[in-house]
Amino acid sequence: MHDLKALRADPERFEAALARRGLPRAFDAVLEADKALRTIQTLLQADLARRNDLSKAIGAAMTRGAHAEAEALRAEVAALKDRIAAAEAAEAGAVARVEALASQLPNLPADDVPDGLDEAGNVEVKRWGEPRAGGLEHDALAARLGWDPEAAARLAGARFAVLSGGLARLHRALGQFMLDQHVAAGWQERAVPLLVREAAMFGTAQLPKFRDDQFETVDGRWLIPTAEVSLTNLVRETILDEAQLPMRLTALTPCFRREAGAAGRDTRGLIRQHQFEKVELVTICTPEQAEAEQARMVEAAEGVLEALGLPYRRMLLCAGDMGFAARRTFDLEVWLPGAGVFREISSISWCGDFQARRMDARFRAKGEKGTRFVHTLNGSGVAVGRALVAVLENFQEPDGSVIVPPPLLPYMGGLERLTPEA
RNA sequence: GGAGAGGUGGCAGAGUGGUCGAAUGCGGCGGUCUCGAAAACCGUUAUGGGUGCAAGCCCAUCGAGGGUUCGAAUCCCUCCCUCUCCGCCA
């Protein structure tokens with residue numbers, strides 16, 4: 001959600017930022033609705049003040065025993081009633097209009113975010129490792145190592161997976177390894193709900209705009225599309241002490257996505273599933289800390305890939321390719337030699353106070369009187385399903401077996417190599 | 001799922017229709033005292049919004065949303081949450 005006071009003060013800055021995302025002017029309408037709301041509020045509040053005065057006068061007259069006077073005042077205030085009721089209804093409508101408009105508008109890109117309307121505008125800022133070429137794609141490898149898409153389809157439908165034996169273990173090892181690595185680096189582990197209220201989904205801005213991408217339950221809860229929702233909303237409606245910041249949180253959870261807009265894309269293999277696991281990093285911090293914290297998160301995510309020996313590149317996303325809540329996003333793309341492409345495996349976003357406003361998450365700075373909104377950041381550290389894909393393709397042998405990367409060995413129960421089933 | 005109790009300021013805890021945004025205590029902040037500190041004493045201490053150049057004035061908020069009333073922390077309804085007992089359950 002945007003700061004309406006800041007918007008009133010400099011609407012052109014907001015419109016310009018929106019234009020960088022390739023979107024048409026939209027803040028004019030917000031300002032107009034906001035103006036209408038404040039006009040209604042001013043009139044309503046004057047009537048409320050009048051009613052309060054009269055009511056007090058009635059009370060005073062009653063205690064004095066001046067019943068005739070009280071009755072006269074009562075008649076006077078009765079005339080106000082209808083007007084107040086109408087104004088209250090109008091106010092509620094105006095508030096709803098402002099929120100409906102404002103909650104649909106994405107965050108403003110940071111100044112250092114490059115121009116561009118789609119992924120073609122993204123800028124590569126770092127490359128690590130030596131991509132090897134060739135080999136099989138992960139689906140061909142996985143099909144021989146314990147991946148059963150037919151069984152998954154029978155029980156759950158398309159875009160679900162059943163993994164067996166060593167492959168399942170490798171998948172589990174990846175998640176455990178990542179989580180342990182982040183905890184060792186100072187991130188606090190959380191085990192969190194996978195089903196959340198609508199308000200939580202609104203807080204991190206999955207709702208209302210991206211309703212079609214989410215799974216809703218029959219009792220009005222939502223399956224999290226990422227642990228970002230659960231971890232970030234841990235601070236919703238709270239006022240933190242500055243000393244508690246930064247809060248660096250991590251969790252390993254399943255994630256659920258409808259993939260409504262992705263029909264026909266990545267239908268083969270394990271790349272795009274309705275359910276997948278991800279280790280998430282979330283940082284809650286002060287505005288001053290945000291810059292350094294994003295760098296730390298990128299480092300943490302890259303540390304996972306580097307420990308595993310997976311070549312990657314870091315992309316700075318352009319304005320038009322960023323997510324709704326982000327001010328600046330780095331994507332990490334892992335090299336897949338079988339497919340011969342770099343594939344997104346992590347996305348690390350600084351959201352400024354955009355989510356904090358929607359959640360009402362604030363902090364009290366030492367020596368300052370009021371409260372300020374926290375900044376939120378989130379990043380994958382990293383996507384477990386896609387890491388499995390990357391390990392398969394990068395560590396495959398000519399015979400179709402896959403060597404277990406050394407950091408995962410402690411989790412593999414002695415298994416050092418996945419071997420195709422005859 | 002059944003029965004009951006309850007949600008008030010940073011915390012504890014009064015308040016059951018009329019100057020209640022809310023007593024009191026604790027905590028926090030400022031001050032007096034002190035070489036310094038403690039104690040004691042004095043003062044101060046919510047959030048959001050509207051309006052105004054400003055000082056200020058005004059509105060809203062006692063879990064959330066509705067309702068009754070001239071007037072609601074107080075009465076009624078719905079929902080959320082917490083606790084106790086019973087049932088069920090990984």
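These numbers come from a predicted model, not from an experiment. Proteins come first, then strands; the chains are lettered A, B, ... in the order of their sequence lines, and each starts at number 1.
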Can you tell me the base-pairing partner of [N]? Count Watson-Crick or G-U wobble geometry only, both distances below 3.5 Å, and say none if there is no partner.
N      : answer
G36(B) : none
A22(B) : none
A5(B)  : U82(B)
A72(B) : none
G43(B) : C29(B)
C62(B) : none
G56(B) : U51(B)
G17(B) : none

Side-chain ion pair, [X] and [Y], N-O less than 4.0 Å:
X       : Y       : result
R328(A) : E291(A) : yes
D34(A)  : R38(A)  : yes
E293(A) : R248(A) : yes

Output the rounded distance in Å from [atom1] ([X]) to [atom2] ([N]).
X       : N      : atom1 : atom2 : answer
L37(A)  : G50(B) : CG    : P     : 8 Å
Q45(A)  : C57(B) : CD    : P     : 15 Å
Q41(A)  : G52(B) : CD    : P     : 13 Å
E88(A)  : G66(B) : CD    : P     : 9 Å
L80(A)  : C59(B) : CG    : C1'   : 15 Å
D219(A) : C79(B) : CG    : C1'   : 14 Å
E71(A)  : U69(B) : CD    : C1'   : 13 Å
D47(A)  : C70(B) : CG    : P     : 17 Å

According to a strict under-4.0 Å criterion, is [X] in side-chain N/O contact with OP1 or OP2 of [N]?
X       : N      : value
R197(A) : C80(B) : no
R51(A)  : G71(B) : yes
N52(A)  : A60(B) : yes
R50(A)  : C70(B) : no
T42(A)  : G49(B) : no

**Q.** Distance (rounded to the nearest 0.5 Å) between D219(A) CG and R197(A) CZ
**A.** 10.5 Å
(Q) To the nearest 0.5 Å, what is the distance between NZ on K278(A) and SG on C255(A)? (A) 4.0 Å
Which whole number of Å gives the distance between the [atom1] atom of [N] and that of [M]?
N      : M      : atom1 : answer
C75(B) : A5(B)  : P     : 14 Å
A73(B) : C20(B) : P     : 12 Å
A72(B) : C62(B) : C1'   : 11 Å
U8(B)  : A60(B) : P     : 22 Å
A3(B)  : U16(B) : P     : 29 Å
G66(B) : U24(B) : P     : 33 Å
U19(B) : G67(B) : P     : 23 Å
U69(B) : G18(B) : C1'   : 12 Å

Q. Should N233(A) and T204(A) count as side-chain neighbours, where that means a heavy-atom distance under 4.5 Å?
A. yes
**Q.** Beyond-backbone contact of Q273(A) with E259(A), side-chain heavy atoms, under 4.5 angstrom
**A.** no
Under 4.0 angstrom, heavy atoms only, what part of the nucleic acid is [X] near: base, sugar-phosphate, or nothing?
X      : answer
R74(A) : base
R8(A)  : sugar-phosphate
A78(A) : nothing
I58(A) : base

Q | L48(A), nearest nucleotide to its side chain (from G48(B), A60(B), G49(B)) | A | A60(B)
**Q.** Greater than 12 external heavy atoms within 6.0 Å of E288(A)'s CD
**A.** yes
Q: Just say parallel, tilted or perpendicular for the rings of H138(A) and W147(A), cut-offs at 30° and 60°.
A: tilted
Q | Geometric class of the Y411(A)/F177(A) ring pair [parallel <30°, tilted 30-60°, perpendicular >60°] | A | perpendicular
Could you pull out the protein-nucleic contacts involving nucleotides 19-21 of chain B (nitrogen or oxygen on both sides, under 3.5 Å)?
none

Q: Could you say whether D34(A) or A60(A) is positioned toward the 5' end of RNA chain B, judged by the nucleotide with the nearest heavy atom to each?
A: A60(A)
